[in-house]
Amino acid sequence: MANTYKGLKSLVINNPFRILGVYTNASNREIVSSRGRIEAFVKVGKSPIFKTDSIAIGIDEGNQLIYNDKRRALLIPPRSLENITEASNYISDPRSKLKFAFFWYSNVSKEDECALNCLIEGNKQNAIGIWISCTNFSALLNLGTVAFTEENVFDFVGYISNLIHNDELREEFVSSTCGKEFSISERELAHIFIDTLLNEEPDIDWLSAFRERGVNAEDDEYIENILAQRPIRILETEIEKLSHFNSKDIKAWRNAFSQMQFVAVKQLTLLKDYVGQNHSKYILIADKIAEQLIESSQLYHRICHLSEYDVTTDCVKLAETALEYACSSLVKDNIRTAVEEIKRIKGKIPPKRIFNSALLINKKIAEYSSKVEKVETALRFIGECAPTLVKLKDELGTHDQEYIKLSTKVAEFALNMTIGYFNKEMKAFDLLIRCRPQLPSLYQDFPSLYQDNVMSSPEVKQAFVDIKNLLFDCCQLFANLDLLDVSKDWEPRYLRNKTAIVKDAKELEVNTIHKPTIDMRTEQEIFSEAQTIVQLQEYLSKYGQVKAKFYKHASDKITALRKEEEKDHKYWNWVNQNKKYKGYKSYLAKYPKGLHADEAKVEIKKKDEIAPLKEFLYAVLLIISLVGILFVLFT
């Protein structure tokens, strides 16, 4: 029983003709009369029942009519002063009247009367059989209404489409519904019907129904264009959102692109089904998607490419996806150029294994590029880059080519900054010398600048001091650069500049030997060089008790050294108690770098200093003894 009315739609249930209890061909007089009857009942708190109400509640089960009082009461349309006024207003306008007429029954012939009675009695199949045998417009309209209530949209569209596009039947339908004075074109009536379906029942695939059962190609095209508007509108909304998206959050960017592509795939598939891939509407919106993806991916790259290695890979994929969406030749060509460019950029970025290190170095280079060129600046730059290079060397090894490239990049930047500043300062100094004919050329004879007559000028004296300081700083820089691993093709340039500057420094008697101010040793090197407990503890402190690679080895070594120290102390205490020369010698032999080695050396030295005096005194005593013996013998 319930399934019979499962397909009833709002257009039938709330149809103004049904609420007023009339058929679509009812005259204005009948409509007014019906409305008056309803108003009279409503005023006394009742609701009238019309014959048409039984059409909505008749249930076909074994060709026997079954009534259910409760269901009957539920299915009688609610009638109040408000809704009958609304219903009357709907059908007072001819176009609105035609709209609702497509979804209700017409009773213009004896066949209609008979079939409607069958329908009221619950004999739907007999009613359908009667209408199928007829050729008038009302038969098609009634068959369409039955099909609609059964959710048989293909038959529904077939019946109504034939009604609309048959000139004779259409005129009869319009005249029966709106009167002979009203006229409407075939095209306009079709559009009223289609608009109603698409607006009131948008979830149904009306396009398929019209393509299969419709009789007019223009209807298909009209539906296609209307249906196309929705995915286009959705896509334009997504394009607009993406065009205004701006964030430093990589995850947010990826979500935005994912959302755009999800919507694009779904809506372009619908649009393609509606109008075809070669339709201008499809091409235009697909090109817009492609162009927006490229534009947004470029912005995404500018903002985020220094934050994560995979950002550039994301942009390559986005560019390739944009190329897949593009339809027109011009847009395709432009996007191909963008694809090639982002691939070129990707080809230049360092491998993933050094990306983070390269990122830090590149940030330092960008930071120091805006600073004043000075050797002190270059020294600070190297000092700040050194920990990154050491970490990378520790991870990849000294011979890794990507590490060497990055290390060379640091060395080259520092050298360029230094050479630029050095040349500028030397040029200024040379100009100062040339402005004084009595002074020799800077490059001909540096030592001559020491002559009193040459150095009498305070300006020259200060300039000379500044040049010496500059050369001193350059040599300090070279001490640091010498520790960096650089490529073989760059090393000759470095050596040429270094040799020339060191030569100038030596001529001016500037100290050219400097200790590096940076530590380029790897963790393994630092651990290997740590031979004492203090050095091993410094190693553990530097890398952390847990994170240190050689934590266990260092701990074991410290334990062993402490045990050795205990032995050292014990042996020393024994030696020091005896205070013997041989004991100190044996201590040094056993512990050449022992805790008390210096003390042992001091004691040995003391004994070495006393030894000649002892020998002299021994000789004197020996002589005295011999003299005494001789004296006794001869007396």
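If you're wondering where the values come from, they're calculated on a predicted model, not measured in any experiment. In what follows, every heavy atom counts, from backbone to side chain, and hydrogens, waters and symmetry copies are set aside.
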K.L.:
Could you walk me through whether S586 and Y571 pass the side chain to side chain donor-acceptor pair (under 3.5 Å) check?
P.N.:
CA-CA 10 Å; S586 65; Y571 194 77; 3.1 Å; yes
K.L.:
Less than 4.0 Å between a side-chain N and a carboxylate O, is that true for K503 and E507?
P.N.:
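Yes.
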K.L.:
Side-chain contact, heavy-atom cut-off 4.5 Å: Q261 with Y325?
P.N.:
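Counting from C-beta outward, Q261 and Y325 do come under 4.5 Å.
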K.L.:
Looking at R521 and D519, does any basic side-chain N land under 4.0 Å from a carboxylate oxygen?
P.N.:
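So R521 pairs with D519 through a salt bridge.
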K.L.:
Regarding Y403 and D394, do their side chains bring together a donor and an acceptor under 3.5 Å, going by distance alone?
P.N.:
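No, D394 and Y403 have no side-chain donor paired with an acceptor closer than 3.5 Å.
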K.L.:
Is it true that a side-chain atom of K281 and a backbone atom of L271 form a donor plus acceptor pair closer than 3.5 Å?
P.N.:
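No; zero donor-acceptor contacts below 3.5 Å.
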K.L.:
Assess the side chains of E412 and T408: does a donor N or O sit below 3.5 Å from an acceptor N or O?
P.N.:
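Side chains of E412 and T408: no pair found under 3.5 Å.
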K.L.:
Quick check: do E240 and E236 have side-chain heavy atoms less than 4.5 Å from each other?
P.N.:
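The answer is no; the side chains never approach within 4.5 Å.
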K.L.:
Are any side-chain N or O atoms of H399 and backbone N or O atoms of L396, one a donor and one an acceptor, separated by less than 3.5 Å?
P.N.:
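Judged by distance alone, no pair lies under 3.5 Å.
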K.L.:
Going by an N to O cut-off under 4.0 Å, is there a salt bridge joining R336 and E320?
P.N.:
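Looking at E320 together with R336, the answer is no, because their closest N to O distance does not fall below 4.0 Å.
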K.L.:
Answer yes or no: is there an ion pair linking K488 with E491, defined by an N-O contact shorter than 4.0 Å?
P.N.:
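No, no charged N to carboxylate O under 4.0 Å.
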K.L.:
Please test C385 against F413 for side-chain contact (heavy atoms from CB on, under 4.5 Å), starting from the C-alpha separation and ending with a verdict.
P.N.:
CA-CA 11 Å; C385 292; F413 182 82; over 6 Å; no
K.L.:
For a quick test of reading the model, state the closest non-hydrogen atom pair linking C327 to Y282 and the distance between them.
P.N.:
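Heavy-atom minimum between the residues: SG-CE2, 4.0 Å.
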K.L.:
Quick one, W253 and S296 - any side-chain contact, counting heavy atoms below 4.5 Å?
P.N.:
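Side chain of W253 against side chain of S296, heavy atoms only: contact under 4.5 Å found.
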K.L.:
Quick one: are the ring centres of F472 and H514 less than 6.0 Å apart?
P.N.:
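Under 6.0 Å, so yes.
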K.L.:
Whether the N362 and K409 side chains hold a donor-acceptor pair (N or O, under 3.5 Å, no angle test) is what I'd like checked.
P.N.:
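A pair is found: one side chain offers a donor N or O, the other an acceptor, under 3.5 Å apart.
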K.L.:
I need the single residue from L293, I294, I335, V339 that forms a side chain to side chain contact (heavy atoms under 4.5 Å, CB included) with T321. Which is it?
P.N.:
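Exactly one option meets the side chain to side chain contact (heavy atoms under 4.5 Å, CB included) with T321, and it is L293.
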K.L.:
For residues I289 and L268, determine if any side-chain heavy atom of one lies less than 4.5 Å from a side-chain heavy atom of the other.
P.N.:
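Contact flag for I289/L268 side chains = yes.
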K.L.:
Can you tell me how far the OG1 atom of T512 sits from the CG atom of L471, to the nearest 0.5 Å?
P.N.:
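Rounded to the nearest 0.5 Å, the OG1-CG separation comes out at 10.5 Å.
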K.L.:
Using a 4.5 Å cut-off on heavy atoms from C-beta on, say whether the side chain of R254 contacts that of D249.
P.N.:
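No. Closest side-chain heavy atoms not under 4.5 Å.
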K.L.:
Do K461 and F464 form a cation-pi contact, if we require the NZ or CZ to be under 6.0 Å from the six-membered ring centre and within 45 degrees of the ring's axis?
P.N.:
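Pair K461/F464 does not count as cation-pi.
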K.L.:
Please check if the number of heavy atoms outside R230 that lie under 6.0 Å from its CZ is greater than 12.
P.N.:
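No - once you tally the heavy atoms of other residues, nucleotides and ligands closer than 6.0 Å, there are 12 at most.
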K.L.:
Check L207 against E224 and note the closest heavy-atom contact, atom names and distance.
P.N.:
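Taking L207 first and E224 second, the nearest heavy atoms are CD1-CG, 3.7 Å.
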K.L.:
Would you find a donor on one side and an acceptor on the other, under 3.5 Å apart, between the side chain of Y274 and the backbone of T269?
P.N.:
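Side chain of Y274 to backbone of T269, a donor-acceptor pair under 3.5 Å: no, none is there.
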K.L.:
With the threshold set at 4.0 Å, does a side-chain nitrogen-carboxylate oxygen contact exist between K570 and E566?
P.N.:
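No salt bridge links K570 with E566.
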K.L.:
Once you round to the nearest 0.5 Å, how far does CD of Q298 lie from CD1 of I342?
P.N.:
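Between Q298 CD and I342 CD1, I get 8.0 Å after rounding to 0.5 Å.
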K.L.:
Ignoring hydrogens and geometry, is there a side-chain-to-backbone donor-acceptor pair from S407 to D485 under 3.5 Å?
P.N.:
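Checked: pair present.
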K.L.:
Using the side-chain contact (heavy atoms from CB on, under 4.5 Å) rule, take I285 and K288 through it: C-alpha gap first, then chi angles, then the decisive distance, then the call.
P.N.:
CA-CA 5 Å; I285 194 67; K288 283 184 178 179; 4.2 Å; yes
K.L.:
Look only at the side chain of N480 and the backbone of G383, and say whether a donor-acceptor pair between them is shorter than 3.5 Å.
P.N.:
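Flag not set: sc N480 to bb G383 has no pair under 3.5 Å.
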K.L.:
For Y309 and P351, work out which heavy atoms get closest and say how close.
P.N.:
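What the structure gives for the nearest pair is CE1-C, 3.8 Å.
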K.L.:
Side chains of S487 and D489: do they bring a donor and an acceptor to under 3.5 Å?
P.N.:
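Checked: S487/D489 side chains pair up, N/O donor to acceptor below 3.5 Å.
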K.L.:
Nearest 0.5 Å please: distance from the CE atom of M426 over to the CD1 atom of I501.
P.N.:
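Rounded to the nearest 0.5 Å, the CE-CD1 separation comes out at 8.5 Å.
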K.L.:
Hey, what's the ring geometry for H301 with H305, parallel, tilted or perpendicular (30° and 60° as the breaks)?
P.N.:
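Geometry flag for H305 against H301: parallel rings.
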K.L.:
Check the pair Q267, E238 against side-chain contact (heavy atoms from CB on, under 4.5 Å), reporting the backbone distance first and the verdict last.
P.N.:
CA-CA 11 Å; Q267 300 305 323; E238 288 300 319; over 6 Å; no
K.L.:
What verdict does the side-chain contact (heavy atoms from CB on, under 4.5 Å) test give for F257 and L242, after you've listed the backbone C-alpha separation in whole Å, the side-chain angles of each residue and the deciding distance to 0.1 Å?
P.N.:
CA-CA 8 Å; F257 285 125; L242 190 57; 4.3 Å; yes
K.L.:
How far does CD1 of I382 sit from CG of L481, to the nearest 0.5 angstrom?
P.N.:
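The CG atom of L481 is 4.0 Å from CD1 of I382, to the nearest 0.5 Å.
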K.L.:
Above 12 or not: heavy atoms from other molecules or residues under 6.0 Å from NZ of K371?
P.N.:
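Yes, NZ of K371 has more than 12 neighbouring heavy atoms, counting only those of other groups under 6.0 Å.
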K.L.:
Would you call K498-D482 a salt bridge at under 4.0 Å N-O?
P.N.:
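D482 and K498: salt-bridged.
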K.L.:
Can you confirm whether I365 sits close enough to F381 that some side-chain heavy atom of one is under 4.5 Å from a side-chain heavy atom of the other?
P.N.:
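Side chain of I365 against side chain of F381, heavy atoms only: contact under 4.5 Å found.
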K.L.:
If I take atom OG from residue S258 and atom NZ from residue K251, how far apart are they, to the nearest 0.5 angstrom?
P.N.:
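Between atom OG of S258 and atom NZ of K251 there are 12.0 Å.
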K.L.:
Show the numbers, then the answer: is there a salt bridge (Lys or Arg N to Asp or Glu O under 4.0 Å) between K391 and E395?
P.N.:
CA-CA 6 Å; K391 183 175 181 293; E395 293 171 355; 2.7 Å; yes
K.L.:
Check whether any side-chain heavy atom of L415 lies under 4.5 Å from a side-chain heavy atom of R493, and answer yes or no.
P.N.:
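A side-chain contact exists here, since the closest heavy-atom pair is under 4.5 Å.
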K.L.:
Looking at every heavy atom in both F355 and E308, which two are closest together, and how far apart are they?
P.N.:
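For F355 versus E308, the nearest heavy atoms are CE2-C, 3.4 Å.
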K.L.:
Are I250 and S307 close enough that some pair of their side-chain heavy atoms sits under 4.5 Å apart?
P.N.:
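Heavy-atom side-chain distance check passes, below 4.5 Å.
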K.L.:
Specify the closest pair of heavy atoms between A264 and L235, including all atoms of both residues, with the distance to one decimal.
P.N.:
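Reported closest heavy-atom pair: CA-CD2, 3.6 Å.
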K.L.:
Quick one: do the D287 and S328 side chains pair a donor with an acceptor below 3.5 Å?
P.N.:
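Yes, because at least one side-chain N or O of D287 sits under 3.5 Å from a partner of the opposite role on S328.
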K.L.:
Could you tell me the separation between the NZ atom of K393 and the OG1 atom of T388, rounded to the nearest 0.5 Å?
P.N.:
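Spacing of NZ (K393) from OG1 (T388) equals 13.0 Å.
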K.L.:
Without hydrogens or angle criteria, can the side chains of Q462 and D466 be said to hold a donor-acceptor pair below 3.5 Å?
P.N.:
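Judged by distance alone, the side chains do pair up.
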K.L.:
Closest heavy-atom contact between A290 and A322?
P.N.:
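Looking at all heavy atoms of both residues, the closest pair is CB-O, 3.2 Å.
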